[in-house]
Protein chains: 2
Amino acid sequence: MERPELPLAQLHAFVVLAEELHFGHAAARLDIAQPPLSQQIRRLEDKVGHPLFDRGPRRVTLTPAGRELLPAARRALADLTAGLAAARAVGSGEAGRLRIGFAASLALTVLPGLLRTFRQRFPEVHLDIHEMTTAPQIAALHDETIDIGLLREPPADETELRFETVLSEPFVAVLPSAHPLSAGRTVRLSQLADSPFVLLPREAGPRLHDQITGLCAAAGFSPRIAQHAVEWQTVCALVRSGLGVSLAPASIRHIRLKGVAFRRIEPGTARTGVAVAWREGDQNPLVAHLLAAVGHDPAEEPPARRPSGRASRCSPRSR
Amino acid sequence: MERPELPLAQLHAFVVLAEELHFGHAAARLDIAQPPLSQQIRRLEDKVGHPLFDRGPRRVTLTPAGRELLPAARRALADLTAGLAAARAVGSGEAGRLRIGFAASLALTVLPGLLRTFRQRFPEVHLDIHEMTTAPQIAALHDETIDIGLLREPPADETELRFETVLSEPFVAVLPSAHPLSAGRTVRLSQLADSPFVLLPREAGPRLHDQITGLCAAAGFSPRIAQHAVEWQTVCALVRSGLGVSLAPASIRHIRLKGVAFRRIEPGTARTGVAVAWREGDQNPLVAHLLAAVGHDPAEEPPARRPSGRASRCSPRSR
DNA sequence: GCGCTCCATACGCCTAGAGATATCAAGCGG
DNA sequence: CCGCTTGATATCTCTAGGCGTATGGAGCGC
């Protein structure tokens with residue numbers, strides 16, 4: 001990439017003069033006096049090495065060399081204005097791309113509303129949404145494959161990630177409709193002690209898995225896991241087919257599946273949380289925007305990175 | 001067309017740094033010290049209003065805004081370097097477009113050699129050649145439809161055009177093979193006094209036409225014109241079919257047509273000239289190049305236009 | 001010939017910005 | 001904890017270039 005030593009001011013003057021073909025008018029459009037314009041053009045011609053205009057007695061004309069340079073100058077100016085505008089839009093978070101990972105169970109609850117409000121506020125922003133369970137989201141956040149995670153029960157030992165709970169919900173028992181316990185409105189956990197369980201594998205989301213087994217332990221038993229499935233949809237289907245019962249966050253009630261009943265757990269104190277996750281100190285303004293959209297106040301955030309002086313330079317830099 | 005206030009030096013620094021992602025290396029490539037590079041980038045970021053790079057502790061990365069600006073900056077620089085090179089090539093006459101008008105009778109004589117040598121010397125130059133008779137060439141030169149004319153016997157009263165004879169040739173009589181005069185090797189003009197003539201119309205080329213009728217007058221007769229035709233090809237065809245005889249420049253011998261004979265004129269003093277024509281003071285260097293190719297020495301030319309000071313600015317301007 | 005239009009030239013002023021050197025600060029590895 | 005690497009800051013210098021006003025000079029119309 002070479003560097004042509006052509007000040008943009010001169011190119012601008014050149015383009016305007018090429019349109020006006022009249023030094024006086026062009027100077028007026030450029031809001032300068034006429035002699036400076038003559039100088040601009042002359043300097044440009046000196047740099048090019050050849051005249052760009054024929055100064056006829058009564059009219060100014062482009063030379064062939066000028067005609068050759070004109071489209072390039074136009075394109076360059078247009079590219080730069082457009083690029084500058086785009087960069088500013090992206091920099092201010094009015095445009096760009098945000099990659100979001102989300103747990104499948106949220107596709108029917110928090111996700112749609114979030115997308116809707118965000119799109120309304122930032123129509124120029126492209127949202128890439130990827131369904132993934134908790135553990136892959138953590139990994140994807142670390143290697144910057146996604147910028148935002150929507151997940152359940154994040155691990156507590158993450159130092160470079162931050163989490164904010166956006167929703168807390170109770171657990172429900174997932175039973176086949178034919179199951180005797182589905183007759184009542186609620187189920188005591190201990191009543192499931194002898195039933196086989198269908199659960200997500202622990203690797204998909206260790207914290208949630210541990211929470212479920214912990215609940216069972218509190219109720220005095222250790223769940224016998226008959227089958228693993230990586231999606232709640234599948235869990236419900238397996239429950240319906242009689243493979244076992246399950247414990248799940250209440251929002252999976254949105255999975256309407258004939259032959260499956262959801263029953264509140266007794267006691268109802270145990271709750272599971274849905275959190276947004278992001279990289280601590282992520283400079284991408286879209287991350288902040290999305291956090292704001294889910295109700296997180298960015299002011300609670302410490303500056304994290306670059307605390308020395310110019311931590312936040314998005315607004316006009318102070319010296 | 002707006003003017004983005006982005007000095008090209010900064011954009012260049014930006015592009016190089018975006019490629020190197022390392023201030024030291026980028027500065028080395030730009031052949032400056034590292035601190036000035038930091039300043040360039042900073043100034044650019046100030047103008048954009050947002051950071052373009054994330055200065056990580058061990059690595060430099062483009063921000064989304066920087067990624068947005070980068071292609072625009074690249075394109076602008078590439079456009080300008082290319083446009084500048086093209087403008088210089090055109091300005092110096094190494095490239096561009098030259099529009100040439102030529103008389104049909106020259107397509108077989110001077111034109112091919114001229115095109116060949118010119119193309120060899122200036123392969124980047126595109127030649128537009130248009131067949132036209134003398135009068136249209138004069139008109140086309142005036143309204144700048146063509147830059148160069150190749151014509152016969154230009155009018156003498158042209159002030160804004162200049163001519164240079166490149167070829168002088170005698171006249172020949174054009175006769176049907178069956179004509180009694182085609183038996184001899186030469187023909188005296190007076191022998192054609194009673195024959196009907198086929199000629200080009202006077203409007204196509206007044207001087208040549210007048211020259212021919214003048215020759216006849218000198219031989220003691222006024223030619224009886226039986227038929228006009230706008231091309232020599234057609235003239236020959238009409239002569240062959242017995243409509244009449246004709247007088248033509250010798251180079252139409254190249255038109256090989258059975259049944260037509262060409263005979264030298266007695267006395268052979270009368271000659272007709274082929275000339276190049278161009279606009280006086282035409283700045284297009286290709287015109288000068290072509291004139292040189294046909295043997296015209298540009299030094300014989302007075303500066304013509306812009307005699308005040310900077311008449312020839314193609315070389316570095318003197319102040 | 002006179003004045004008008006239009007572009008070029010001549011000066012003078014002033015600022016942005018590009019460059020260098022010297023120094024500081026943060027992160028990382030031994 | 002020290003030292004290396006890497007980028008930021010501070011300060012100074014210098015000049016290209018941008019602008020203005022004043023003036024010159026060529027062509028054209030009346």
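Worth knowing before you read on, the calculation uses all heavy atoms, side chains too, and leaves out hydrogens, waters and symmetry mates. Note on naming: letters A, B, ... go to the chains in the order of the sequence lines (proteins, then strands), and numbering restarts at 1 for each one.
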Q: For Leu37(A) and for Gln34(B), find the nucleotide of DNA chain D with the closest heavy atom, then tell me which residue's nucleotide is more 5'.
A: Gln34(B)
Q. If only side-chain N and O atoms of Ser38(B) are considered, is one of them under 4.0 Å from the OP1 or OP2 phosphate oxygen of dA8(D)?
A. yes
Q: Could you tell me the separation between the CG atom of Leu30(B) and the P atom of dG7(D), rounded to a whole number of Å?
A: 14 Å
Q | Residues Glu153(A), Arg202(A): salt bridge by 4.0 Å N-O rule | A | no
Q: Under the salt bridge (charged side-chain N to carboxylate O under 4.0 Å, His left out) rule, collect the residues that match up with Glu203(B), sequence neighbours excluded.
A: none
Q) Ile41(A) CD1 to dA8(C) C1': how many Å, rounded? A) 13 Å
Q: Please name all residues satisfying side chain to side chain donor-acceptor pair (under 3.5 Å) with Arg88(B), sequence neighbours left out, ordered by chain then number.
A: none
Q | dA8(D) OP1/OP2 closer than 4.0 Å to side-chain N/O of Arg55(B) | A | yes
Q: Specify the separation, in whole Å, of atom CD of Glu20(B) and atom C1' of dT5(D).
A: 17 Å
Q) For the helix from dG1(C)-dC30(D) to dG30(C)-dC1(D), what is the angle between the axes at its two ends, each from 5 pairs, rounded to 10°? A) 20°
(Q) If you only use heavy atoms from C-beta on, which nucleotide in dA8(C), dT9(D), dG19(C) is closest to the side chain of Pro36(B)? (A) dG19(C)
Q) Quick one: is His22(B) getting a side-chain N or O under 4.0 Å of the dT5(D) phosphate, OP1 or OP2? A) no
Q: Might you point out which heavy atoms bring Leu37(B) and Ala26(B) nearest each other, and give the distance in Å?
A: CD2-CB, 3.7 Å
Q. Between dG7(D), dG20(D), dA22(D), which one does the side chain of Ile32(A) approach most closely?
A. dG20(D)
Q: Mind calculating the distance between NE2 (His12(B)) and P (dA18(C)) to the nearest angstrom?
A: 13 Å
Q. For His130(B) and Asp128(B), does a side-chain donor sit closer than 3.5 Å to a side-chain acceptor?
A. no
(Q) By the side chain to side chain donor-acceptor pair (under 3.5 Å) test, which pairs, at least two apart or in different chains, include something from residues 136-145 of chain B? (A) His142(B)-Glu158(B), Asp143(B)-Thr145(B)
Q. Looking at dT9(D), dG7(D), dT21(D), which one has an atom nearest to any side-chain atom of Arg42(B)?
A. dT9(D)
Q. So, does the side chain of Gln39(B) form a donor-acceptor pair with the base of dA18(C) at under 3.5 Å?
A. no
Q: Please report, rounded to the nearest Å, how far the P atom of dG17(C) is from the CG atom of Leu8(B).
A: 13 Å
Q | Any residue meeting salt bridge (charged side-chain N to carboxylate O under 4.0 Å, His left out) with Glu94(B), in chain and number order, not counting sequence neighbours | A | Arg121(B)
Q. Start at the 5' end of DNA chain D and walk down; is the nucleotide closest to Asp31(A) or to Pro35(B) reached first?
A. Pro35(B)
Q) What's the CG-C1' distance between Asp54(B) and dA8(D), to the nearest Å? A) 16 Å
Q) Salt-bridged, Glu20(A) to Arg29(A), with N to O below 4.0 Å? A) yes
Q) Among Arg42(A), Gln40(A), Gln34(A), which one satisfies side-chain hydrogen bond (donor to acceptor under 3.5 Å, both in side chains) with Ser38(A)? A) Gln34(A)
Using a cutoff of under 3.5 Å, can you pull out all pairs of nitrogen or oxygen atoms linking the protein to nucleotides 13-17 of chain D, with atom names and distances?
unit_1: dG17(D); atom_1: OP1; unit_2: Lys47(A); atom_2: NZ; d: 3.1

Q) Are Arg74(B) and Glu19(B) ion-paired here, with the side-chain N under 4.0 Å from a carboxylate O? A) yes
(Q) Please report the distance, rounded to the nearest Å, between CZ in Phe23(B) and P in dT9(D). (A) 10 Å
